[in-house]
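What follows is one structure encoded as structure tokens, with my remarks underneath.
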Number of protein chains: 2
Amino acid sequence: MKGIKKSGVRPRFQVIKDSICQAIKERIYLPDEQIPTEYELAKQFSVSRMTANRAIKELVAEGLLVRYQGLGTFVAMVQAESPLLEIRNIADEIRGRHSVYSNERYRLQEVKADKELAVQLGITPGDPVFHSLIVHKENGQPLQFAERYVNAAIVPDYVNQDFSVTTPSQYLSELFPLSEIEHIVEAILPNFLEQELLDISAETPCLLVNRRTWSANNLISYARLVHPGNLYRLSSRSEI
Amino acid sequence: MKGIKKSGVRPRFQVIKDSICQAIKERIYLPDEQIPTEYELAKQFSVSRMTANRAIKELVAEGLLVRYQGLGTFVAMVQAESPLLEIRNIADEIRGRHSVYSNERYRLQEVKADKELAVQLGITPGDPVFHSLIVHKENGQPLQFAERYVNAAIVPDYVNQDFSVTTPSQYLSELFPLSEIEHIVEAILPNFLEQELLDISAETPCLLVNRRTWSANNLISYARLVHPGNLYRLSSRSEI
DNA sequence: TGTCTATAATTGTATATACAATTAAAAGAG
DNA sequence: CTCTTTTAATTGTATATACAATTATAGACA
């Protein structure tokens, strides 16, 4: 009969994973410390480099390790520190609270990308982009300053749309189905325009959500969503 | 700085992943439908079976596909994108990799819960809690002000631990395996103590991560993690 | 008919090898 | 000394190959 030993045999890559996990847990490998290279692990466990590579690659995916090409593999600095956040459409969020949603649209025009914007959109400074600016309000109180830049080379007709009948995100999602989305959250103080439109003081800290969207590997848009810190939070609660 | 769209060549396994992703998205492959076998994909994309295997294995890890040995690979039934995004600290990218970690511990003592803390921990004002305060630093620069309150009624020995050999999170996670976790992120201006310990001005906006943890329906701890907004960001990037 | 068996299909694991890409450090040039 | 170039170390990707494990099914057999 074969197959009996199967239940007892752990795959070799799993043995390596377990060993590294335990070493991290027992603080034999400390945070940010370099662990043995693939070559060394392969020798140590008498496996091929590919098998050691698989073990490490999976641990990286699980967040226990980080690795840098040319440098090595290191124990992740912050274990289990990554929150899950829900970033929702602001209008839905406001309506979900049974509040009155409204907005004010301030601009929709073609501009030339400055240096920073060019970096964000992966284009060349001076390239044309479409710029729109909307302030979303809850019960008349400004809750989000939403500035969006769209790559004009990819979406040339964006500026000609009538966004009173459709919405920018609706228009974009139909023509350019979302393939990838990036959010970066940071804390800032509002600039003058943001102070004015959000009706807040210069000392009110704000949550800034930077959002970039891709469609079929094209970087379509970059949005800057500014929220007054005293009115808006990102939260999540999850079972493990 | 990379991490932006790889402009040059896309790895072959990535091309296969993209192709399958898109086919799922466009409902060319329907939920529960079998997709081509590794052998067929390898032939179709003119790659080795190992490369096709990698593409599929990663899509399985991402939840788009499920596979059964001996049967085949199928489109996952639940394509329900949770709006929850896993957000990770990208302090590494901001600071670069030449970092030396250190921390300073300021307190570990039993205190009585005030009204606000009692609300957070679901206890009665005056109940005992353990309070610890650590400032995490890299290259001597303060990066996180971490204030943690632990319910003393549930974890009575917390204050007696020697946290130079173990860590608070390690101790807690072993005795009280995490069952639920809540994060609330907001933007604040630092109070005087935070300014001092983080070595920032009163005008530096900060990201505050409020974290509460549960174990077996007991509210174990409440942590207040304050990060200077210019050094700390939360980021997520996900394929759809 | 019902049950066991062999087989084909498919995924799972493992190896040896090769070359590319990235990084830090050493070596060299001025 | 400073700047540039080269080199070594390490991870990233890719291939060809082999055999193991699992599953459904077709076929053999009683």
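Labels below follow one simple rule: chain letters A, B, ... track the order of the sequence lines, proteins then strands, and each chain is numbered from 1.
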### Message
Taking any heavy-atom pair under 4.0 Å as a contact, classify B/Y68: base, sugar-phosphate, or nothing.
### Response
sugar-phosphate
### Query
What integer distance in Å separates B/Q34:CD from D/dT23:P?
15 Å
### Message
If you only use heavy atoms from C-beta on, which nucleotide in D/dT23, C/dT13, C/dG12 is closest to the side chain of B/M50?
### Response
C/dT13
### Task
Kindly point out which of D/dT11, C/dG12, D/dT15 is positioned nearest to the side chain of A/E38?
D/dT11
### Message
Let's see if you can work this out: which of C/dT15, D/dT15, D/dT10 has an atom nearest to the side-chain heavy atoms of A/T37?
### Response
D/dT10
### Query
Looking at B/E186 and A/L207, what are the two nearest heavy atoms and their distance?
C-CD2, 4.1 Å
### Query
Tell me: CD1 of A/I16 to P of C/dA14, nearest whole Å?
8 Å
### Message
Distance alone, cut at 3.5 Å: any donor-acceptor contact between the side chains of A/H227 and A/Q144?
### Response
yes
### Task
With heavy atoms under 4.0 Å as the rule, sort B/F13 into base, sugar-phosphate or nothing.
sugar-phosphate
### Query
What nucleotide among C/dA14, C/dT23, C/dT11 has an atom nearest to a side-chain atom of B/T73?
C/dT11
### Task
Please work out whether the ring planes of B/Y171 and B/Y158 are parallel, tilted or perpendicular, with thresholds of 30° and 60°.
tilted
### Message
Both B/R49 and A/G70 contact DNA chain C. Taking the nearest nucleotide for each, which residue is further toward the 5' end?
### Response
B/R49
### Task
Figure out the OH/P separation between B/Y39 and D/dA16, and round it to whole Å.
12 Å
### Query
With a 3.5 Å cut-off and no angle check, do the side chains of A/Q22 and A/D18 form a donor-acceptor pair?
no
### Query
Could you state the CG-P distance from A/N53 to C/dT17, rounded to the nearest angstrom?
17 Å
### Message
Nearest whole Å is fine: how far is D/dA14 C1' from B/I56 CD1?
### Response
16 Å
### Query
Counting side-chain heavy atoms from C-beta on, which of C/dA14, D/dT15, D/dA20 comes nearest to B/Q69?
D/dA20
### Query
Are A/I181 and A/T213 side-chain neighbours, meaning at least one heavy-atom pair lies under 4.5 Å?
yes
### Query
Does A/R67 get its side chain close enough to the base of D/dG12, under 3.5 Å, for a donor-acceptor pair?
no
### Query
Taking only side-chain nitrogens and oxygens of A/T51, does any of them come within less than 4.0 Å of OP1 or OP2 of C/dT15?
yes
### Message
Output the rounded distance in Å from CZ (A/R54) to P (C/dT11).
### Response
14 Å
### Task
Could you pick out which residue, A/Q14 or B/E40, lies toward the 5' side of DNA chain C when each is mapped onto its nearest nucleotide?
B/E40
### Between D/dG12 (P) and B/K57 (NZ): distance, integer Å
14 Å
### Task
Report the distance from atom CZ of B/R12 to atom C1' of D/dA14, rounded to the nearest whole Å.
7 Å
